[in-house]
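These notes concern the structure reproduced below.
Just so you know, these numbers come straight off a predicted model, no measurement behind them.
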Amino acid sequence: MNVTVLLFQDDYIPYPRIEEVLERGEPYPQVILPEFGGYWIEDPEAPPPASPPTSIEIKDALPGDYGYQLEEISEAARAYRKHFLGREHLNFSCSSSSLGNLLLSVRHEEEKERESLHVIVRYTHASQLIVSFDEHEVNTTFKFGVVHQRFGQVCEEQLFGNNEETPAFREFLRLLGDTVELQDFRGFRGGLDVSHGQTGSQSVYTVHRQQEIMFHVSTKLPFTEGDAQQLQRKRHIGNDIVAVVFQEEATPFVPDMIASNFLHAFILVQVEEPCSDNTSYKVSITAREDVPPFGPPLPNPAVFRKGPEFREFLLTKLINAELACYKSDRFARLEERTRAALLDSLHDELQSRSQSMLGLTSGLEEEGRAENGHAHGGLLESIKVCVCVLTRSGCCPVFSDCDSAVLD
């Protein structure tokens, strides 16, 4: 997919401010870039690539699907599940003074010219721990902001100060999902209070292709009299990664209207002929410049009739937008630190379990006995028995020279 990345002209001429755009009169663009750049705008006139490398096939396609594809955040995330889980293999963990904790999974395949028997220390939960580590970034829950922008509104105080839900806005919210009561809500709550009503009484929720989505709708979050910034609303929407901006009239939006370190992408939806049989929605996409393009691509013209196809496009675009934002510089650094911490924890857990079941420590002695059916000092005794049996039978065992190895 191609995007239009608009940068400085000669590196010093800023873009026009929104006030200047409004002074020029109609027609107004749906989105304009901040005065000093930093965002791109998707170009619906650019031809999409033939086969986006990050997309995956939708295997559970049903009649009425429109071919919009969810994208994978990382092919490596499911590599262990795909190539190792359920097959005989070795998991090695060790510490390196220069690299930190390391984990290596090796799957053995028998060689035709030589038969050998490998005796490996086994415990039950290694695969589950490794899968949890690999797939910690595989997300099935999402939260998105929804903001109502009225004509001429140029700052976040005006956006978060809107309280009225017009018929056109309510119609759009019904397209996004179901209005749910937050009290005792059992689905994904997206950080909203479901016990004490501190984040409002209702919200909008839906499930799209097994992905739970909770929307932070600005008009449904608490309004605080006398608070120009409406911090209750900004606390949730400002901590989202992607937001929808609903425009009831033709008016420009600037991505930096909402000051936030987390918001990285916006989907602008402008309604035409609301609450009628001819209702349609004009769509624009903008994101920070280090966010890669994401599908499905905008059609040309980027206008959708009200109905299930637009809903399918919009929800798919929202999910893919968040997955793309994870690849931006900010979130990539956060992911690297998170993964390093999880790897340290995984290494410690695997090493503790291995040593316990070998009888070298006593921390998990009872668990080791229960899992392996042995009532004596760890697996070393079991290995000795196994070696004796194999020696009498004429087999030659091959041992791995690793103090933390697992066969699953």
Side-chain angles (χ1 to χ4, degrees), residues 4 6 15-35 39-44 144-177 204 215-221 230 233-234 237-238 240 242-260 263-276 278-288 298-307 309-311 313-315 317-318 321:
T4 300
L6 304 178
Y15 297 116
R17 296 180 300 110
I18 188 171
E19 292 84 358
E20 299 175 33
V21 174
L22 291 172
E23 288 174 2
R24 294 175 186 174
E26 298 181 359
Y28 299 112
Q30 192 171 8
V31 58
I32 62 176
L33 292 182
E35 188 176 2
Y39 284 76
W40 53 259
I41 299 174
E42 183 173 339
D43 181 5
F144 302 116
V146 182
V147 179
H148 190 180
Q149 183 190 18
R150 294 183 177 278
F151 177 78
Q153 293 187 328
V154 298
C155 63
E156 67 177 32
E157 287 81 4
Q158 294 172 325
L159 297 177
F160 291 142
N162 291 328
N163 260 340
E164 179 187 358
E165 290 186 357
T166 64
F169 189 42
R170 289 197 298 269
E171 179 182 44
F172 176 68
L173 293 180
R174 287 195 296 270
L175 184 143
L176 288 179
V204 176
F215 292 96
H216 293 154
V217 183
S218 60
T219 54
K220 293 187 182 298
L221 292 168
Q230 294 301 319
R233 294 176 170 182
K234 183 174 179 179
I237 296 176
D240 291 331
V242 183
V244 179
V245 179
F246 177 79
Q247 301 169 317
E248 197 158 341
E249 299 179 59
T251 191
F253 174 83
V254 189
D256 64 355
M257 275 185 182
I258 303 175
S260 168
L263 281 170
H264 273 52
F266 295 91
I267 297 182
L268 294 307
V269 178
Q270 187 178 112
V271 65
E272 299 176 353
E273 299 187 54
C275 303
S276 72
N278 298 319
T279 301
S280 62
Y281 297 95
K282 180 182 178 183
V283 179
S284 290
I285 309 295
T286 184
R288 295 183 189 248
L298 287 175
N300 186 22
V303 178
F304 295 83
R305 294 291 301 271
K306 177 180 65 178
E309 180 176 3
F310 175 54
R311 182 179 188 275
F313 172 88
L314 186 58
L315 296 180
K317 192 77 166 177
L318 281 166

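Every salt bridge (Lys or Arg N to Asp or Glu O under 4.0 Å) that Glu164 has, sequence neighbours left out, goes to Arg150. Among residues two or more places apart in sequence or in another chain, the salt bridge (Lys or Arg N to Asp or Glu O under 4.0 Å) test is passed with Glu272 by none. Applying the salt bridge (Lys or Arg N to Asp or Glu O under 4.0 Å) criterion to Glu309, with sequence neighbours excluded, gives no partner residue.
Looking at every heavy atom in both residues, Ala168 comes nearest to Glu248 through CB-OE2, 3.5 Å. Annotation for Ile32 and Pro16: closest pair CD1-O, 4.2 Å, computed over non-hydrogen atoms. Ser218 approaches Phe160 most closely through the heavy-atom pair CB-CD2, 4.5 Å. In this structure, Thr251 and Gly152 approach most closely via the heavy-atom pair OG1-N, 3.0 Å. Contact detail for Pro299 and Pro44: the closest heavy-atom pair is O-CB, 3.3 Å. Between Pro34 and Tyr39, the closest heavy-atom pair is CG-CD1, 3.7 Å.
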Take Val147 and Phe266 through the test side-chain contact (heavy atoms from CB on, under 4.5 Å) and record every step on the way to the result. CA-CA 10 Å; Val147 179; Phe266 295 91; over 6 Å; no

task = For side-chain contact (heavy atoms from CB on, under 4.5 Å), just list the numbers for Val269 and Phe172, CA-CA rounded to whole Å, side-chain angles, deciding distance to a tenth of an Å, and then say yes or no.
result = CA-CA 9 Å; Val269 178; Phe172 176 68; 3.8 Å; yes

- Which is it for Phe215 and Leu318 under the side-chain contact (heavy atoms from CB on, under 4.5 Å) test, yes or no, and what are the steps along the way? CA-CA 11 Å; Phe215 292 96; Leu318 281 166; 3.9 Å; yes

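Taken from CD1 in Ile258 to CD in Glu157, the straight-line distance is 10.5 Å, to the nearest 0.5 Å. With rounding to the nearest 0.5 angstrom, the CG atom of Leu176 is 8.0 Å from the CZ atom of Arg311. Note that the CG atom of Leu314 and the CD1 atom of Ile267 stand 5.5 Å from one another [nearest 0.5 Å]. The distance from the CG atom of Leu173 to the CZ atom of Arg170 is 9.5 Å, given to the nearest 0.5 Å. Taking CG of Leu263 as the start and CD1 of Ile237 as the end, the distance is 8.5 Å to the nearest 0.5 Å.
A donor-acceptor contact shorter than 3.5 Å links the side chain of Glu42 to the backbone of Leu298. A donor-acceptor pair under 3.5 Å links the side-chain atoms of Gln30 to the main chain of Leu268, judged by distance alone. Judged by distance alone, the side chain of Trp40 and the main-chain N or O of Arg288 form a donor-acceptor pair under 3.5 Å. Lys234 places a side-chain N or O within donor-acceptor distance of the main-chain N or O of Ala259, the cut-off being under 3.5 Å. A donor-acceptor contact shorter than 3.5 Å is absent between the side chain of Thr219 and the backbone of Asn163. In this structure, Gln270 contributes its side chain and Lys282 its backbone to no donor-acceptor pair below 3.5 Å.
Residues Leu159 and Phe253 are in side-chain contact: their nearest non-hydrogen atoms beyond the backbone lie under 4.5 Å apart. Using a 4.5 Å heavy-atom threshold, the side chains of Asn278 and Arg305 count as touching. When side chains are defined from C-beta on, Phe144 does not count as touching Asp240, because their heavy atoms never get closer than 4.5 Å. Taking 4.5 Å as the limit, some side-chain heavy atom of Ile18 sits within range of a side-chain heavy atom of Met257. Between Val146 and Phe169 the shortest side-chain heavy-atom distance falls below 4.5 Å.
Considering Arg233, Gln153, Gln149 as possible partners of Asn162, the one that fulfils the side chain to side chain donor-acceptor pair (under 3.5 Å) test is Gln153.
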